[in-house]
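Please read the structure below before turning to the comments.
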Amino acid sequence: MRAVGIARSVSLVALTAILFSPGLWLGAPLDAAVFVLAGVRIRDGYVPYKDLWDHKPPGAYLLNAMGQTVLPWLDPWLVSWLLTVVFTGAAILIVDRLLRLRLAPIVSFVGSLLCLAGMALYPVALGGGATESFAVLPLVAALWLIASSLPTWRRSALIGCLLGLACLLSMQALAAAVVLFAVTVAGGGTVGAARRACAAIVGGAALPLAVIGWLAARGALGDAIDQIVTYNSAYRASADYSLEMVVVTLLLFAGLAVPVAVTVTRMARRPRAFDRVDWACLAWSAAFAAYVVFQGRIYLHYWILLLPPISWLAGSGMGWLVGQAKSSNRGLKARAIGLVTASAFAFSISAMMASQLISTTTKRASDLKIPTDETAAWVKASTPASATVFVWGDDPVLYLTSDRDPYDRYVYEFPLTTAGYWSPDRTAMLLSVWAASPPPVIVESPSPVPMFRPPQAYPDPRADDTLAPLRDFVRGHYRLAATFGDHDVYLLVSSG
């Protein structure tokens, strides 16, 4: 049995690496490229927010910086990819251990495989580097500690520390962290609950306070508040739900719908038959869904943090259905077989959707990579190593592949085009910086608000274009030096 357990764990970790492997040849997606670049900049002595603009919590930047420090001989993106495999692989081992507490070995293993596929398939995780892929580990570790027994105050402090780490890594972890904190505190009498609450709060505050102190000491706390709070408020206000993404989400995870519905129905009918882990997973799922609705946007990588609790609920439902299918009661048996058949049909729909998405997203990523790589190669060969680059658009990968430093802290276009955050006054301030010391190289890459290229066929209605003065500056001081597909390279005229 020990050998079987080891083989099971090894197979799950190996499959994790296989599912993430497209990231090795397709490269970093936009968000991951920013996190990797932030790690590089931290190692070079710069500070996030002050020297590199982004609206995510700082955990992913610091994690990448630490990984690059430990493995300095590896490409920074490869370091991030390895960290993703380690964090997700460890998370799925914990999920598998949790499922084995409740389900038969085969059923629990199938549940673990489905959970892993949902967390690591390319259309969801984009090959690695997402904040959710890091935050899922401390969240499921906290759930495991809750499942073991009613937490002591020491274990509550550890759970709080894990929840604080998860929130530092990903803003999407907030809803799950609130639920798991509440479950940690609940039960055991008023005095015990108060002790656990205090311990969890102290443990949860330790890491965030340390990071806040570091940012304050480096003069970046005000910028962090502006980008994480002010910008995200404007970002949420400009939210525009994509019906297409809602449909894709429903089809992709349709295979879990029937067993989850079975569990929820059973919990509603017999609430005392279910324990704190069942209710924690249900509350986690509901709170997370509500949080996504509050944000007003749906991206598939968000759902990475929903897969563990949903897998627990689905596993419980499927285990019950399998048991009922063996019942001697013909009515129960027929109903269970019917629901299992419906689950299989729904799963086939999910599998077809996943296959189509994998084909579409990998081809698109491959097509986008070609002009990026060609542009980066030209910049490396045709500009001095000291030349800084400003990328007009949403291709921060260029900074990594061209081996050139960013001109300033704006490494992608989101902040410059978000209504309610950017303004003509901010454009004027940026223009004054350009006039005093122009960026030697400007690369126009695809974006909702292009510099000179024609607007996209379906422009983003949320984008706000106040960048005309910057276009005029480029017209007067730069020449088009090279074009690679949808990327144009402009060089400062005075620099030759």
Side-chain angles (χ1 to χ4, degrees), residues 31-32 34-36 38-39 41-43 46-52 54-70 79-80 83-84 86-88 90-91 94 129-146 151-185 195-229 232 284 287-288 291 304-305 308:
D31 284 358
V34 175
F35 308 148
V36 172
R41 300 293 279 173
I42 289 172
R43 293 187 67 220
Y46 296 96
V47 188
Y49 309 115
K50 178 183 177 182
D51 301 313
L52 186 145
D54 194 36
H55 60 115
K56 305 292 197 308
Y61 320 145
L62 295 169
L63 180 63
N64 274 280
M66 289 186 286
Q68 294 165 22
T69 301
V70 174
V79 172
S80 184
L83 286 169
T84 308
V86 169
F87 273 64
T88 305
I94 296 174
T131 61
E132 295 85 359
S133 295
F134 300 132
V136 69
L137 176 56
L139 288 178
V140 297
L143 183 62
W144 168 253
L145 290 174
I146 291 170
T152 63
W153 72 268
R154 290 185 179 86
R155 181 169 292 190
S156 299
L158 178 56
I159 291 172
C161 187
L162 290 168
L163 299 180
L165 173 60
C167 292
L168 272 179
L169 289 167
S170 178
M171 199 173 296
Q172 304 307 321
L174 181 60
V178 170
V179 168
L180 295 177
F181 171 81
V183 174
T184 300
V185 173
R195 292 184 65 187
R196 291 194 302 275
C198 291
I201 290 171
V202 171
L207 284 175
L209 287 176
V211 173
I212 289 172
W214 173 67
L215 291 173
R218 299 296 301 274
L221 186 57
D223 295 292
I225 294 172
D226 172 68
Q227 291 158 40
I228 296 174
V229 179
N232 279 318
W284 175 346
F288 187 84
Y291 186 51
I304 291 171
L305 296 183

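Side-chain atoms are counted along with the backbone in the values below, which use heavy atoms only and exclude waters and symmetry mates.
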Problem set entry | Derivation of the side chain to side chain contact (heavy atoms under 4.5 Å, CB included) call for Val36 and Val79 | CA-CA 9 Å; Val36 172; Val79 172; over 6 Å; no
Heavy-atom pair of closest approach, residues [X] and [Y]:
{"X": "Ala177", "Y": "Leu163", "value": "O-CD1, 3.5 Å"}
{"X": "Ala166", "Y": "Ala135", "value": "O-CB, 3.7 Å"}
{"X": "Pro48", "Y": "Trp214", "value": "CD-CH2, 3.6 Å"}
{"X": "Thr131", "Y": "Ala60", "value": "CG2-CB, 4.0 Å"}

For this session: If a pair satisfies salt bridge (Lys or Arg N to Asp or Glu O under 4.0 Å) and one of its residues is in residues 215-224, list it, with sequence neighbours excluded.
Result: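 Found Asp223-Arg409.
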Can you tell if the side chain of [X] reaches within under 4.5 Å of the side chain of [Y], non-hydrogen atoms only?
{"X": "Met171", "Y": "Ile228", "answer": "yes"}
{"X": "Asn64", "Y": "Gln68", "answer": "yes"}
{"X": "Trp153", "Y": "Cys198", "answer": "no"}
{"X": "Leu137", "Y": "Ile94", "answer": "yes"}
{"X": "Leu169", "Y": "Pro138", "answer": "yes"}
{"X": "Ile146", "Y": "Leu180", "answer": "yes"}

Just how far is it from atom [atom1] of [X] to atom [atom2] of [Y], taken to the nearest 0.5 Å?
{"X": "Glu132", "Y": "Leu139", "atom1": "CD", "atom2": "CG", "value": "10.5 Å"}
{"X": "Leu221", "Y": "Ile212", "atom1": "CG", "atom2": "CD1", "value": "7.0 Å"}
{"X": "Lys56", "Y": "Asn232", "atom1": "NZ", "atom2": "CG", "value": "8.0 Å"}
{"X": "Ile304", "Y": "Thr88", "atom1": "CD1", "atom2": "OG1", "value": "7.0 Å"}
{"X": "Leu145", "Y": "Ser156", "atom1": "CG", "atom2": "OG", "value": "9.5 Å"}

For this session: Might you confirm whether atom CZ of Arg195 has over 12 heavy atoms from other residues, nucleotides or ligands at distances under 6.0 Å?
Result: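 Counting other residues, nucleotides and ligands, CZ of Arg195 stays at 12 neighbours or fewer.
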Exercise. Does OH belonging to Tyr46 count more than 12 external heavy atoms closer than 6.0 Å?
Worked result: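 No, because the 6.0 Å sphere around OH of Tyr46 holds 12 heavy atoms or fewer from other groups.
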For this session: Only counting residues at least two apart or in another chain, list the ones meeting side-chain hydrogen bond (donor to acceptor under 3.5 Å, both in side chains) with Arg41.
Result: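 Not a single residue meets the side-chain hydrogen bond (donor to acceptor under 3.5 Å, both in side chains) criterion with Arg41.
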For this session: Could you pull out all residues at least two apart from Leu207 that satisfy side chain to side chain contact (heavy atoms under 4.5 Å, CB included)?
Result: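 Side chain to side chain contact (heavy atoms under 4.5 Å, CB included) list for Leu207, sorted by chain: Cys161, Leu165, Leu168.
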Problem set entry | Which residues share a side chain to side chain contact (heavy atoms under 4.5 Å, CB included) with Phe288, sequence neighbours left out |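 Phe288 satisfies side chain to side chain contact (heavy atoms under 4.5 Å, CB included) with Gln172, Trp284, Val292, Tyr302, Trp303, Leu305, Leu306 only.
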Pairs under 3.5 angstrom only: tabulate donor-acceptor contacts from the side chains of residues 199-206 to other protein residues two or more places apart or in another chain.
none

Exercise. Does Ser133 use its side chain to pair, donor to acceptor, with the backbone of Gly129 at less than 3.5 Å?
Worked result: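 Such a contact is absent between Ser133 side chain and Gly129 backbone.
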For this session: Hey, can you tell me if Tyr61 and Phe35 have their rings parallel, tilted or perpendicular (30° and 60° cut-offs)?
Result: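 The arrangement is tilted - the two ring planes meet at 30° to 60°.
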For this session: Scan for side chain to side chain donor-acceptor pair (under 3.5 Å) pairs involving residues 175-184, sequence neighbours excluded, and state none if there are none.
Result: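 Qualifying pairs, neighbours excluded: none.
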